[in-house]
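Naming convention: chains lettered A, B, ... in sequence-line order (proteins, then strands); numbering from 1 in each chain. No hydrogens, no waters, no symmetry mates; every other heavy atom, side chains included, goes into these values.
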Amino acid sequence: MFYPISMTSSPHTPHPRAVSTAPHVSFAQTEQLHQLVGDWFIANARDLPWRRAECSAWGVMVSEFMLQQTPVKRVLPAWEEWMRRWPTPKDLAAEESAEAVRAWGRLGYPRRAQRLHAAAQAIVLEHHGDVPGTYEQLLALPGVGSYTAAAITSFAFGRRATVIDTNIRRVHARAISGKGLPNKSLNAAETRLAEALMPTDEQASCLWNAATMELGALVCTAKSPTCNICPIRHLCAWVAAGKPEAEYTPQGQSWHGTDRQLRGAMMAVLREAHHPIPKELITNFSPDIVAPKNLSAVVKSLRTLGSSQEQIQRCYEGLLADGLASEKDDLVSL
DNA sequence: GACCCGTGGCA
DNA sequence: TTGCCAAGGGT
């Protein structure tokens, strides 16, 4: 992480280069937002290991993968262990993909581990083992989308990139657009707004990215934002409008009885098994199948889901198709 | 754009 | 307790 410390030494000096003006926001207001949110971040940012100056680009990249839909608190220990074990892309690339998935543990969305492993191999093959430093190069890596590419560009390399994540979108929606929540999906208007708000100065842009994200994560939260401590509450369009309700209510993610629940249970069985196991251990729930001792608990929990045989088959084949599991001679493994 | 992909902390 | 939802990506 590149902390633009220079901003703290002269906090009220305007940047020499012009800042784009966003719709509904004056130049002066944009400057003020940068200053207030930046100062707030410097005073209140969490001390996360991937933000420290000594953290490698690879460390930032690993954190970004893990943080895709998984909260910071659960990522912290996993990141520490991952970096201890695989401190460079080359170290991970030399491993079996299955080992990466196993080390991913219960972070969720195990395909991220698979893609991170594939990205490490691509980095070794195409970039001499060094995490590439441009948005386009990063975007070409497996599992790296527009958010992650911009985040690594900004946080690991200190280059100007427009980072747009769910936190930043929410801050923009409220502070600028006066809405309770951003649109259901990122659209062109939101992207234009984010680009227009981005400081032209490279250092300032990195601070703005990190600071806006942190503000969304700690203060301008989805559920009950703490506007009373918000550094930009007096500029916030949403507050000024009386905090109107969002135009829609996000539909909750269903879980019980879904394929995802069953896939998760199957993945737990496979992670526990450090050797290939009989296929029917997963696909056949008849109680006379005896699991190896260390698998008993997870297999039992899998059986208690009460899934139909059709659903079991569909999910199992899905795992094979996604490359999360492989089958040979009626034995399956990660 | 809609949908799918895991998991667990927290109110 | 039940439901929300968290630094997204891929199809």
### Query
Separation of A/L107 atom CG from B/dG9 atom P, in whole Å?
12 Å
### Query
Under 4.0 Å between a side-chain N or O of A/R271 and OP1 or OP2 of B/dT7?
yes
### Query
Is the distance from OP1 or OP2 of C/dG10 to the nearest side-chain N or O of A/R111 less than 4.0 Å?
no
### Query
Which comes earlier along DNA chain B counting from the 5' end, the contact point of A/L186 or that of A/Y109, where each point is its nearest nucleotide?
A/L186
### Task
Measure the distance from CD on A/Q261 to P on C/dG3 and round it to the nearest whole Å.
13 Å
### Task
For B/dC10, take OP1 and OP2 only and decide whether either is under 4.0 Å from a side-chain N or O of A/K73.
yes
### Query
Contact class for A/A222 vs. all strands (heavy atom < 4.0 Å): base, sugar-phosphate, or nothing?
sugar-phosphate
### Message
Taking C/dG10 as the reference, what is the distance to B/dG8 when you measure between their P atoms (whole Å, please)?
### Response
24 Å
#### Entry: Nucleotide B/dT7, atom C1' - distance to CH2 of A/W104 in whole Å
12 Å
### Message
Please report the distance separating the P of B/dA11 from the corresponding atom of C/dA7, rounded so that it comes out in whole Å.
### Response
15 Å
### Task
Give a yes or no answer on whether the side chain of A/W82 reaches the backbone of A/W86 with a donor-acceptor pair at less than 3.5 Å.
no
### Query
Which of the following nucleotides, B/dT7, C/dC4, C/dG8, is nearest to the side chain of A/R106?
B/dT7
### Query
When you measure from the side chain of A/R260, which nucleotide among C/dA7, C/dG9, B/dC5 comes out closest?
B/dC5
### Query
Picking from C/dA6, C/dG9, C/dA7, which would you name as closest to the side chain of A/Q253?
C/dA6
### Message
Assuming nearest nucleotide by heavy-atom distance, tell me which of A/S63 and A/Q251 is located more 5' along DNA chain C.
### Response
A/Q251
### Task
Could you say whether A/G105 or A/K223 is positioned toward the 5' end of DNA chain B, judged by the nucleotide with the nearest heavy atom to each?
A/G105
### Task
Output yes when at least one side-chain N/O atom of A/R112 is less than 4.0 Å from OP1 or OP2 of B/dC5, else no.
no
### Query
When we call it a touch if two heavy atoms are under 4.0 Å apart, what does A/G145 touch: a base, just sugar-phosphate, or nothing?
sugar-phosphate
#### Entry: Enclosure of A/E54 CD (heavy-atom neighbours >12, cutoff 6.0 Å)
yes
### Task
Give a yes/no answer on whether the side chain of A/Q69 brings an N or O atom under 4.0 Å of OP1 or OP2 in C/dG8.
yes
### Query
A/D322 near the nucleic acid: base, sugar-phosphate alone, or nothing, with a heavy-atom cut-off under 4.0 Å?
nothing
### Message
Between B/dG8 and A/T70, counting only base atoms on the nucleotide and side-chain atoms on the residue, is there a donor-acceptor pair under 3.5 Å?
### Response
no
### Task
Please state how far atom CD1 in A/I164 lies from atom P in C/dG9, giving the value in whole angstrom units.
11 Å
### Query
For A/L107, does its backbone N or O pair with a side-chain atom of A/R112 as donor and acceptor, under 3.5 Å?
yes
### Query
Should the pair A/R52-A/D47 be classified as a salt bridge under the 4.0 Å nitrogen-to-oxygen rule?
yes
### Query
Should A/T148 be listed as having a side-chain N or O under 4.0 Å from OP1 or OP2 of C/dG9?
yes
### Query
Which value, rounded to the nearest 0.5 Å, describes the distance between A/Y147 atom OH and A/R169 atom CZ?
13.5 Å
### Summary
From CZ of A/F41 across to P of C/dA7 the rounded distance in Å is 14 Å
### Message
Quick test of your reading of the model: are A/R192 and A/E195 salt-bridged, counting only N-O distances below 4.0 Å?
### Response
no
### Message
Both A/H256 and A/G143 contact DNA chain C. Which one's nearest nucleotide lies toward the 5' end?
### Response
A/H256
### Query
What is the distance, rounded to the nearest whole Å, between atom CG of A/L48 and atom P of C/dA7?
12 Å
### Message
Check the phosphate of B/dG1 against A/S185, side-chain N and O only, distance under 4.0 Å to OP1 or OP2. Yes or no?
### Response
yes
### Query
Parallel, tilted or perpendicular: which describes the rings of A/W50 and A/W79, with under 30° parallel and over 60° perpendicular?
perpendicular
### Query
How long is the line joining CG of A/L76 and P of B/dG8, in whole Å?
16 Å
### Message
Over all strands shown, is A/S146 touching base, sugar-phosphate only, or nothing at heavy-atom distances under 4.0 angstrom?
### Response
sugar-phosphate
### Message
Whole angstroms only, please: what is the CZ-P distance between A/R51 and C/dA7?
### Response
11 Å
